[in-house]
Q: 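Quick one: the structure is below, and I'll ask about it shortly.
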Amino acid sequence: MRFKLTLNKLYAWSLISYERVVMLDSDNIFLQNTDELFQCGQFCAVFINPCIFHTGLFVLQPSMDVFKNMLHELAVGRENPDGADQGFLASYFPDLLDQPMFHPPANGTKLQGTYRLPLGYQMDASYYYLKLRWSIPCGPNSVITFPSAPWFKPWYWWSWPVLPLGLSWHEQRRENLGYSSEIPVVLIQAVLYIGVIAVTRLARPSLSKMCYNRRMEKNTMFLLSLLRVVAAWSILAAYTIPFFIIPRTVHPLLGWPLYLLGSFSLSSIVINVFLLHPMTVLTTWFGFIGALLVMAFPWYLNGVVRALAVFAYAFCCAPLIWASLVKTMSSLHVLIERDAFRLGEPNQNAEFTKLY
């Protein structure tokens, strides 16, 4: 399903009003001008692994004959390893690996035939993450591609700083397209979150009465278990709901602050409804901020050091988050017994009642 529309790339061969077409995916970042690609031949592509060329960027000469022949090959069921454009084009141009490397003529003339493009025209982003710099010796370092998992494509706001190059992609979008479609939604959500924080703060006494001035159930252990489940799911919802309602393609420097504001506002509801200590609920919130700072730190020696730093931070934070969860559950237990004492119900532990 992910690749069901990628065969639409074949329509590029029907653009016969053009001499050359450079077909490219939207997850490419151009580091410099690549006009010389229009000098390449009838078909040119990059091998980013030893056996199969990548169709994230390729050059073609439009031809209705080639286009019709491709449609015919699709109809008769040409062998296609992956069912998408990658497998079909690799099968349609099986001898590209044996073709010469593309070197643009200095006089600007257009070449004929098929050529391999240097790796610098489709640099896999994973090459960068290892050393946090580019070191591709073969060909111009012109174009970055992101053949990663679908949920970590560079246009998603959460891809940075998890993947450092995501910010570079968003900077190019900001310079060219902007974010006019997402900004109104971001502003509306920010205003709503600020309003939630203000209302929950002002309504804390009434929320407390609503939640605790009530007749207790006979089965206190059942009530405690139910309250723990509700509180745990409420905390989880406070950290997940903002993630899913933020516009996915907003700039990371807008998306992350909006997420932190949203999770803080929903956490404030949980804190006030269950009368929990703020730090026990917000430990995870501060943990997110620390993780972002660790991942975005710009002076790591290489990607290995960065990965070790993130792992060490997660290792140190895990006990604190677990301790905050345990403290939250114990606070609910004290809250149940406190309510029973206030309402005059018999308490099994007389010493505890006297101390309380």
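In this chain, residues are counted from 1 in sequence order.
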Q: Cluster partners of Ile188, using ILVMFWY side-chain heavy atoms under 4.5 angstrom, listed by chain and number?
A: Leu192
Q: Could you give the side-chain donor-acceptor pairs of residues 291-303 under 3.5 Å, partners two or more places apart or in another chain?
A:
unit_1, atom_1, unit_2, atom_2, d
Tyr300, OH, Val294, O, 2.5
Asn302, OD1, Val304, N, 3.0
Asn302, OD1, Val305, N, 2.9

Q: Show your working on side-chain contact (heavy atoms from CB on, under 4.5 Å) between Leu258 and Tyr193 and close with a plain yes or no.
A: CA-CA 9 Å; Leu258 184 61; Tyr193 290 145; 3.9 Å; yes
Q: Can you give me the closest heavy-atom contact between Tyr156 and Phe152, atom names plus distance?
A: CD1-N, 4.4 Å
Q: Determine which pairs satisfy salt bridge (Lys or Arg N to Asp or Glu O under 4.0 Å) with at least one residue from residues 122-149, sequence neighbours left out, and list them in order.
A: none
Q: Can you check whether Thr145 reaches Met123 side chain to side chain, under 4.5 Å on heavy atoms?
A: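 Of all side-chain heavy-atom pairs linking Met123 with Thr145, none is under 4.5 Å.
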Q: Search all heavy atoms of Leu10 against all heavy atoms of Phe67 and return the closest pair with its distance.
A: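 Shortest heavy-atom separation between Leu10 and Phe67 comes out as O-CD1, 3.3 Å.
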Q: Taking a hydrophobic cluster as the set of Ile, Leu, Val, Met, Phe, Trp and Tyr residues connected by side-chain heavy atoms closer than 4.5 Å, whether directly or through intermediates, do Trp151 and Ile245 fall within one such cluster?
A: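 Yes, Trp151 and Ile245 fall within the same hydrophobic cluster.
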Q: Taking the side chain as every heavy atom from C-beta outward, state whether Trp157 and Leu253 have any atom pair closer than 4.5 Å.
A: no
Q: For Glu36, check salt bridge (charged side-chain N to carboxylate O under 4.0 Å, His left out) against everything at least two apart and list the hits.
A: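 By the salt bridge (charged side-chain N to carboxylate O under 4.0 Å, His left out) rule, Glu36 matches no residue at all.
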Q: Does one side chain, of Gln122 or Asn28, offer a donor that lies under 3.5 Å from an acceptor on the other?
A: yes
Q: If you look at every heavy atom in Tyr313 and Gly287, which pair is closest and at what distance?
A: OH-O, 2.8 Å
Q: Could you report the tightest heavy-atom contact between Gly255 and Val250, atom names first, then the distance?
A: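 Closest approach of Gly255 to Val250, heavy atoms only: CA-CG1, 3.7 Å.
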Q: Considering only distance and modelled atom types, tabulate donor-acceptor pairs under 3.5 Å from the side chains of residues 37-48, sequence neighbours left out.
A:
unit_1, atom_1, unit_2, atom_2, d
Gln39, NE2, Pro105, O, 3.0
Gln39, NE2, Thr109, O, 3.1
Gln42, OE1, Gly113, N, 2.3
Gln42, NE2, Gln61, OE1, 2.4
Gln42, NE2, Gln112, OE1, 2.5

Q: One thing to verify: whether Lys153 and Asp25 come together as a salt bridge, which I'm taking to mean a side-chain N less than 4.0 angstrom from a carboxylate O.
A: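 Salt bridge: no.
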Q: Any non-hydrogen side-chain atom of Ile29 less than 4.5 Å from a side-chain atom of Gln172?
A: yes
Q: Which pairs pass side-chain hydrogen bond (donor to acceptor under 3.5 Å, both in side chains) with one or both residues in residues 11-20, sequence neighbours excluded?
A: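 Non-adjacent pairs meeting side-chain hydrogen bond (donor to acceptor under 3.5 Å, both in side chains): Glu19-Lys110.
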Q: With side-chain contact (heavy atoms from CB on, under 4.5 Å) as the criterion, how do Leu165 and Tyr129 come out once you've worked through the C-alpha distance, each side chain's angles and the decisive distance to 0.1 Å?
A: CA-CA 9 Å; Leu165 288 174; Tyr129 300 141; 3.8 Å; yes
Q: Would you call Ser265 and Ile194 a side-chain contact if the rule is heavy atoms closer than 4.5 Å?
A: no
Q: If you look at every heavy atom in Phe315 and Pro319, which pair is closest and at what distance?
A: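 That would be O-CD, 3.2 Å.
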Q: Is there a donor-acceptor pair under 3.5 Å between the side chain of Tyr259 and the backbone N or O of Tyr239?
A: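 Side chain of Tyr259 to backbone of Tyr239: a pair is present.
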Q: Checking ring pair (Phe, Tyr, Trp, His ring centres under 6.0 Å) against Trp158, which of Phe288, Phe244, Phe243 comes through?
A: Phe243
Q: Do Leu254 and Ile246 touch side chain to side chain, with heavy atoms closer than 4.5 Å?
A: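 The answer is no; the side chains never approach within 4.5 Å.
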Q: Tell me, do Ile144 and Phe30 make a side-chain contact under 4.5 Å, heavy atoms counted?
A: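 In short, these two side chains do not touch, never coming nearer than 4.5 Å.
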Q: Please determine whether side-chain contact (heavy atoms from CB on, under 4.5 Å) holds for the pair Val59 and Val21, giving the CA-CA distance in whole Å, both sets of side-chain angles, and the decisive distance to 0.1 Å.
A: CA-CA 6 Å; Val59 185; Val21 171; over 6 Å; no
Q: Please assess Tyr115 against His103 for the test side-chain contact (heavy atoms from CB on, under 4.5 Å), listing each intermediate value before the final yes or no.
A: CA-CA 9 Å; Tyr115 291 86; His103 298 286; over 6 Å; no
Q: Going from CZ on Arg174 to CH2 on Trp169, what distance comes out if it is rounded to the nearest 0.5 angstrom?
A: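 Interatomic distance, Arg174 CZ to Trp169 CH2, rounded to 0.5 Å: 13.0 Å.
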Q: May I ask whether Phe146 and Leu57 are part of the same hydrophobic cluster, defined by side-chain heavy atoms of I, L, V, M, F, W, Y residues being less than 4.5 angstrom apart, directly or through others?
A: yes
Q: Sequence neighbours left out, what passes ring pair (Phe, Tyr, Trp, His ring centres under 6.0 Å) with Trp233? Give chain and number order.
A: none
Q: For the residue pair Pro154 and Ser159, what are the closest heavy atoms and their distance?
A: O-OG, 3.3 Å
Q: In terms of hydrophobic clusters joined by side-chain contacts under 4.5 Å, are Ile321 and Phe286 together?
A: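 Looking at the clustering, Phe286 is in a separate group from Ile321.
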Q: Does any pair with a residue in residues 177-191 pass side-chain hydrogen bond (donor to acceptor under 3.5 Å, both in side chains), and if so which ones, sequence neighbours excluded?
A: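 Output for this query lists His170-Tyr179, Arg173-Glu182, Glu182-Thr249.
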Q: Taking the side chain as every heavy atom from C-beta outward, state whether Pro242 and Leu266 have any pair of such atoms under 4.5 Å apart.
A: yes
Q: Would you find a donor on one side and an acceptor on the other, under 3.5 Å apart, between the side chain of Lys327 and the backbone of His277?
A: no
Q: Which distance, rounded to the nearest 0.5 Å, do you find between the OG of Ser234 and the CD1 of Ile241?
A: 9.0 Å
Q: Under a 3.5 Å distance rule, please check whether Ser91 uses its side chain to pair with a backbone N or O of Gly87 as donor and acceptor.
A: no
Q: Quick one: list whatever passes ring pair (Phe, Tyr, Trp, His ring centres under 6.0 Å) with Trp322, sequence neighbours left out.
A: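 Trp322 satisfies ring pair (Phe, Tyr, Trp, His ring centres under 6.0 Å) with no residue once adjacent residues are dropped.
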Q: Can you list, pair by pair, the side-chain donor-acceptor contacts under 3.5 Å of residues 92-102, counting residues two or more places apart and other chains?
A:
unit_1, atom_1, unit_2, atom_2, d
Tyr92, OH, Asn69, OD1, 2.6
Gln99, OE1, Thr114, OG1, 3.4
Gln99, NE2, Asp95, O, 3.2

Q: Could you state whether Ile235 and Val326 fall into the same hydrophobic cluster, counting links through intermediate Ile, Leu, Val, Met, Phe, Trp or Tyr residues with side-chain heavy atoms under 4.5 angstrom apart?
A: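 Same cluster: Ile235 reaches Val326 through Ile, Leu, Val, Met, Phe, Trp or Tyr contacts under 4.5 Å.
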Q: Working to the nearest 0.5 Å, report the span between OG1 of Thr55 and CG of Leu24.
A: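 Answer for the OG1-CG pair, Thr55 versus Leu24, is 11.5 Å.
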Q: Under 3.5 Å, is there a donor on one side chain and an acceptor on the other for Gln86 and His54?
A: no
Q: To the nearest 0.5 Å, how far apart are CG in Asp85 and CG in Leu7?
A: 6.0 Å
Q: Please round to the nearest 0.5 Å and tell me the distance separating atom CG of Leu15 and atom CE of Met23.
A: 9.0 Å
Q: Does either side chain, that of Ser268 or that of Thr200, offer a donor lying less than 3.5 Å from an acceptor on the other one?
A: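 Side-chain D/A pair, Ser268 to Thr200: present.
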Q: Under a 4.5 Å cut-off applied to non-hydrogen side-chain atoms, are Val143 and Leu31 in contact?
A: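 Val143 does not reach Leu31 side chain to side chain.
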Q: With sequence neighbours excluded, tell me which residues meet ring pair (Phe, Tyr, Trp, His ring centres under 6.0 Å) with Phe264.
A: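 If we apply the ring pair (Phe, Tyr, Trp, His ring centres under 6.0 Å) test to Phe264, skipping adjacent residues, the hits are Trp285.
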Q: Are Leu236 and Ile271 connected, step by step, through hydrophobic side chains (Ile, Leu, Val, Met, Phe, Trp, Tyr) whose heavy atoms are closer than 4.5 Å?
A: no
Q: Could you list the residues that satisfy salt bridge (charged side-chain N to carboxylate O under 4.0 Å, His left out) with Arg248, not counting sequence neighbours?
A: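 Once residues adjacent in sequence are excluded, Arg248 has no partner under the salt bridge (charged side-chain N to carboxylate O under 4.0 Å, His left out) criterion.
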Q: Testing Leu282, Leu276, Thr283 one by one against Ser324 for a side-chain contact (heavy atoms from CB on, under 4.5 Å), which residue passes?
A: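 Going through Leu282, Leu276, Thr283 one by one, the side-chain contact (heavy atoms from CB on, under 4.5 Å) with Ser324 is satisfied by Thr283 alone.
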Q: Mind checking the OG1-CG spacing from Thr280 to Leu325? Nearest 0.5 Å is all I need.
A: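 Here the interatomic distance stands at 9.5 Å.
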